[in-house]
Amino acid sequence: MTIESVGIVGAGAMGSGIAQIVATAGLNAVLIDINEYALAGGIESLTTGLDRMVAKGTLDAALRSVIISRVETSTDYRRLADVDLIIEAATENFELKMRILAQIVSVVRPSAIIASNTSSISITALGAAISNPSRFIGMHFFNPVPLLPLVEIINGVQTSAETGRAVQELALRLSKVPICVKNSPGFVVNRILVPMINEAFFLLAEGIASAEEIDAGMRLGANHPIGPLALADLVGLDVCLSVMDVFAKDFGDTKYRACPLLRELVAAGRLGRKSGYGVYRYA
């Protein structure tokens with residue numbers, strides 16, 4: 001199974017980042033979203049990332065133009081008919097992902113691999129939307145995609161060994177470090193990380209320390225490069241809440257109860273960096 005072209009559905013931070021690393025690796029990328037406005041935002045994000053690399057001297061300016069030329073945008077799912085691998089990179093919502101996967105299945109080749117960039121939802125459950133679920137797999141990239149080297153590769157009950165090998169090989173071509181994990185809510189990283197972020201919100205809500213002090217504690221005392229509350233703003237508070245709700249539902253354990261303050265901030269539209277205001281304010 002050789003992968004030379006990749007479709008990405010969702011032009012947000014994750015989707016545009018995936019498109020960037022795909023094109024940088026010399027593969028053709030097709031970026032799909034619901035309207036031209038969303039696609040323009042994705043290309044702007046991708047271009048900004050490449051411009052930063054040129055300014056730092058880590059990317060040649062001529063290569064920057066070549067990389068951008070390898071990314072095609074479209075609002076038409078039928079443009080995915082000829083690609084080898086499609087990565088769904090939509091918001092962390094089960095029903096939305098199921099609808100998108102059904103649209104993907106309706107247009108792609110029977111041999112095409114389909115992956116989800118989900119950070120917590122069951123790959124086995126999502127595979128129910130795939131006519132041949134042996135070709136369905138999880139590829140969980142981390143934000144910002146061009147900078148963080150890890151990708152979790154998640155095999156559902158139905159995923160074939162051939163699909164797993166092809167996706168691992170692709171991850172290496174994308175200069176990523178793949179780890180293969182069993183299908184379980186949150187997989188490995190978020191199973192550990194998001195409850196820690198949630199606990200930081202409980203500390204903040206209880207007035208144990210200020211947001212700055214909580215973050216400084218984990219940066220300076222645990223050698224984390226970024227504090228948990230600042231990380232929540234980077235990831236998106238809505239994403240953190242969605243992951244905690246998946247844990248609470250799938251594990252049925254009260255230790256995964258989302259902090260009411262986290263839920264309140266999301267309800268207020270304070271989603272973090274992407275909205276300009278989360279735990280902290282951003283220019």
Side-chain angles (χ1 to χ4, degrees), residues 10 12-18 41 45 48-49 89-94 96-97 116-121 138 140-152 181 184-251 253-283:
M14 298 303 294
S16 63
I18 295 169
S45 177
T48 300
T91 302
E92 197 72 354
N93 178 283
F94 179 77
L96 173 62
K97 288 182 181 290
S116 175
N117 182 51
T118 179
S119 57
S120 63
I121 299 172
H140 178 210
F141 294 88
F142 292 80
N143 188 28
V145 178
L147 298 181
L148 296 185
L150 183 68
V151 58
E152 288 180 314
V181 305
S184 179
F187 318 124
V188 170
V189 175
N190 280 342
R191 175 82 174 270
I192 299 168
L193 179 64
V194 180
M196 182 194 74
I197 289 173
N198 191 56
E199 193 64 26
F201 275 97
F202 273 115
L203 287 170
L204 183 63
E206 293 165 16
I208 303 301
S210 69
E212 292 80 3
E213 288 166 329
I214 292 168
D215 279 350
M218 295 306 292
R219 283 189 292 104
L220 305 177
N223 202 30
H224 289 196
I226 185 172
L229 297 172
L231 180 57
D233 276 354
L234 178 62
V235 171
L237 271 62
D238 54 334
V239 175
C240 295
L241 178 59
S242 294
V243 172
M244 288 305 300
D245 284 344
V246 168
F247 287 174
K249 176 179 177 291
D250 289 0
F251 287 118
D253 192 326
T254 56
K255 75 177 182 179
Y256 295 113
R257 178 175 69 96
C259 176
L261 175 60
L262 172 60
R263 197 175 297 279
E264 189 78 358
L265 293 179
V266 171
R270 288 172 55 176
L271 307 182
R273 286 182 178 269
K274 60 187 173 184
S275 69
Y277 192 14
V279 176
Y280 301 102
R281 284 190 181 274
Y282 301 90

Expected output: side-chain [X] to main-chain [Y] donor-acceptor under 3.5 Å:
X    : Y    : value
S184 : F187 : no
D250 : P185 : no
S45  : G41  : no
K97  : S116 : no
D233 : R273 : no
E206 : L203 : no

Identify the heavy atoms of [X] and [Y] that sit nearest to each other, and give their distance.
X    : Y    : answer
E152 : V188 : OE2-N, 3.1 Å
S275 : G269 : OG-O, 3.4 Å
L96  : A90  : CD2-CB, 4.1 Å
A232 : I197 : CB-CG2, 3.7 Å
P225 : R219 : O-CD, 4.0 Å
S119 : E92  : N-OE2, 3.0 Å

- N-O pairing of D245 and R257 below 4.0 Å: no

- Message: Does this structure show an ion pair linking K274 with D238, if we count only N-O contacts that are shorter than 4.0 Å?
- Response: yes

Does any non-hydrogen side-chain atom of [Y] lie less than 4.5 Å from one of [X]?
X    : Y    : result
S242 : N93  : no
E213 : S210 : yes
I226 : D215 : no

Euclidean distance, [Y] [atom2] relative to [X] [atom1], rounded to 0.5 Å:
X    : Y    : atom1 : atom2 : answer
K255 : M244 : NZ    : CE    : 10.0 Å
F202 : L261 : CZ    : CG    : 9.5 Å
Y277 : L265 : OH    : CG    : 8.0 Å
S120 : F94  : OG    : CZ    : 11.5 Å
E264 : L241 : CD    : CG    : 11.5 Å

- Message: Before you tell me yes or no, could you show the steps for H224 and M196 under side chain to side chain contact (heavy atoms under 4.5 Å, CB included), namely the whole-Å CA-CA distance, both residues' side-chain angles and the distance that decides it to 0.1 Å?
- Response: CA-CA 12 Å; H224 289 196; M196 182 194 74; 3.7 Å; yes

- Message: One pair to check against side chain to side chain contact (heavy atoms under 4.5 Å, CB included): N198 and C240. What are the steps and the verdict?
- Response: CA-CA 8 Å; N198 191 56; C240 295; over 6 Å; no

- Indicate the ring-plane relationship of F247 and Y256, choosing parallel, tilted or perpendicular according to the 30° and 60° boundaries. perpendicular

- Task: Just say parallel, tilted or perpendicular for the rings of Y282 and Y280, cut-offs at 30° and 60°.
- Result: perpendicular

- For N223, does the CG atom sit with more than 12 other heavy atoms under 6.0 Å from it, leaving out its own atoms? no

- Query: So L262 and L237, side chain to side chain contact (heavy atoms under 4.5 Å, CB included) or not? Walk me through it.
  - Reply: CA-CA 7 Å; L262 172 60; L237 271 62; 3.8 Å; yes

- Note on the structure: side chain to side chain contact (heavy atoms under 4.5 Å, CB included) test vs L231 passes for just one of V279, V194, L193, N143, namely L193

- Task: Show the numbers, then the answer: is there a side chain to side chain contact (heavy atoms under 4.5 Å, CB included) between T118 and H140?
- Result: CA-CA 6 Å; T118 179; H140 178 210; over 6 Å; no

- For P149, side-chain contact (heavy atoms from CB on, under 4.5 Å) partners two or more places apart: V177

